[in-house]
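Take a look at the structure below.
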There are 2 protein chains.
Amino acid sequence: MFKENHTTCKNCSCSWSNFKNLTDEQLDLINTNRFPANFKSGEIIFKQGSPTSNAVFLSSGIAKIYMEGYDGKNIILAIVKPGSLIAGPGTYVDNRHHYSLAALTETSACFIDMRILKELVHENSMFAEGYLKDLSQKSLGTFHKLVSFSQKKMHGRLAEGLIHLADDIFNSDKYNCHMTRQELGEFTGMTKESVVRLLKEFHDEEIIHLNDHTIEIINKPKLEKIMISG
Amino acid sequence: MFKENHTTCKNCSCSWSNFKNLTDEQLDLINTNRFPANFKSGEIIFKQGSPTSNAVFLSSGIAKIYMEGYDGKNIILAIVKPGSLIAGPGTYVDNRHHYSLAALTETSACFIDMRILKELVHENSMFAEGYLKDLSQKSLGTFHKLVSFSQKKMHGRLAEGLIHLADDIFNSDKYNCHMTRQELGEFTGMTKESVVRLLKEFHDEEIIHLNDHTIEIINKPKLEKIMISG
DNA sequence: TAATAGTGTTGATATATATCAATTTTAGTT
DNA sequence: AACTAAAATTGATATATATCAACACTATTA
């Protein structure tokens, strides 16, 4: 089912902040070399191990970036929202994706030839700097996650995850996270059973409201306290 | 005790691979704007939270990059060897270091004004690309660590750490790691007591030889097996 | 409509690992 | 050489969290 999502990159309301550093011609170059595609919930957009021939620009929907770990266990590195350009760091290392990207909702994305982006990095130093900025930002996010995973207990990690989704992804204290308990576990570093038990605990203590995949934070100060101390 | 380590960057035998992308004048610019300094084992080179006014080039010695986590618990992100440029990702985000750097042995380093490096990123697109490459590589390392920390058990993590030190840092199966048990724990995500017990276990099973801070891997296939399965 | 597979839930149990406390060893300092 | 402080070691115990197993609930498909 092919669906045209927007005619040009220029009009795309949710364009990557770094695209602002491009000239009109440069943006045009991307515009003529992009391949839009639509994905249904659950579909894989690109797969760990595959060549990084294209970067993916997410124009609508929510997706998960995840690594396939040992014996089938995944770890969700990040949830991405529209306006993100996902160009795996493997691009500049071994031309392989080191993580997979999959849609959590109906999603529309554009594939952009990585060679074009690399060319633009060479031609436009502001764009290169923006790219560095983007990569740095993501890098810091991973550091944070590493500390959180290795030093916080489940309660703290779940609280942190829920707050992060509210503040940085959905911009609301009530949101449909579009993740199964299993995925919430992969996101916060615990088993699905533990997610169920903790969510129930938070619910019983009136910190959150639960309705299937919809989470509403009703006592944020308390949740923040758990995030910090736990 | 000031000690002159080498007269110019050009002659510095262990220069950062990305410096090769600079012209002679550009390298000169760095050369005239660097501040060499020497550190004793244990001394902090820069501190988490401080401004990223300078990047640090490690010209000799071994150092640790570590994050200060919750209630005084650290996590060692990486061990760095001569030839590395350490410019925290905070440089392009909030101008703050998000981790600390401390010497594990006598160390000589050069401080390089970050403004110069940023300028060079603008002037020289090959340098910018090299910078992106470096950052990407480090990013992948962190991803790997995240998976390892969240999915492997202690045995596997310790085995992985020991092999990484042998293969990527010291280039020998026998090395002085210059880390206390506490630090080895911060490096592999466990307590110092666990490090002691596991090292003894590996020793008893004749996988490694131990002599204070010197570790010799004597049964690498077995250690690799533990790294993969554990 | 039945059937199957995925998801959520609950409770019982196992286990990896941290914590605590005590002791020994090592290294650095007066 | 004596003294201190830090590091290493060891054993006993606590605890967080995973694992396992059973069952309920959707939701899709045959």
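Below, chain A is the first sequence line, B the second, and so on; all start at residue 1. Scope of the values below: all heavy atoms of this structure, side chains included, with no hydrogens, waters or symmetry mates.
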| field | Geometric class of the A:F170/A:Y175 ring pair [parallel <30°, tilted 30-60°, perpendicular >60°] | value | parallel
| remark: Tested for side chain to side chain donor-acceptor pair (under 3.5 Å) against A:E183, the lone hit among A:H213, A:K64, A:H178, A:K192 is A:K64
| remark: To the nearest angstrom, the CZ-P distance between A:R181 and C:dT10 comes to 10 Å
| field | Integer-rounded Å distance: D:dC20 C1' and A:K192 NZ | value | 10 Å
| task | Return the value, rounded to whole Å, for the distance between atom CE of B:M154 and atom P of C:dT19. | result | 12 Å
| message | Using OP1 and OP2 only, check whether a side-chain N or O of B:T191 sits under 4.0 Å from C:dA18. | response | yes
| query | NZ of A:K200 versus P of D:dA24: gap in Å, rounded? | reply | 17 Å
| request: Write down the atom of B:S139, the atom of A:P89, and the distance for their closest heavy-atom approach. | output: CB-CB, 4.3 Å
| message | Check the phosphate of D:dA18 against A:S194, side-chain N and O only, distance under 4.0 Å to OP1 or OP2. Yes or no? | response | yes
| query | Any idea how B:F19 and B:F57 line up, ring-wise: parallel (<30°), tilted (30 to 60°), or perpendicular (>60°)? | reply | tilted
| Length of the line joining A:L158:CG and D:dA16:P, which is rounded to integer Å | 16 Å
| Shortest non-hydrogen contact from B:D134 toward B:L85 | OD2-O, 4.2 Å
| When you measure from the side chain of B:S148 to the backbone N and O of B:H144, does any donor-acceptor pair fall under 3.5 Å? | no
| Short side-chain N/O contact to C:dT7 OP1/OP2 from A:H213, under 4.0 Å | no
| field | Between P of C:dT10 and NE2 of A:H203, the distance in whole Å | value | 10 Å
| OP1 or OP2 of D:dT19 sitting under 4.0 Å from any side-chain N/O of A:K73? | yes
| query | Taking all non-hydrogen atoms of both residues, which atom of B:H98 and which atom of B:M67 are closest, and how far apart? | reply | O-CE, 3.5 Å
| query | Are A:E68 and A:K47 close enough for a salt bridge, meaning some N to O gap below 4.0 Å? | reply | yes
| task | Mind grabbing the angle between the end helix axes of the helix from C:dT1-D:dA30 to C:dA27-D:dT4? Five pairs an end, 10° rounding. | result | 40°
| field | Residue met sooner reading DNA chain D from 5', once A:R157 and B:V196 are mapped to nucleotides | value | B:V196
Polar atoms only, N or O, under 3.5 Å: list the protein pairs with nucleotides 20-26 of chain C and their distances.
residue, atom, partner, partner atom, Å
C:dC20, N4, B:E193, OE2, 3.2

| task | Please tell me which of the listed nucleotides, D:dA18, C:dT17, D:dA7, lies nearest to the side chain of B:K153? | result | C:dT17
| said: Rounding to an integer number of Å, can you tell me how far A:F149 CZ sits from D:dT17 P? | reply: 12 Å
| message | What is the separation between atom CD on B:Q182 and atom C1' on D:dA8, rounded to the nearest whole Å? | response | 11 Å
| request: Looking only at non-hydrogen atoms, find the nearest pair between A:Y66 and A:A102 and report the distance. | output: CE2-CB, 3.7 Å
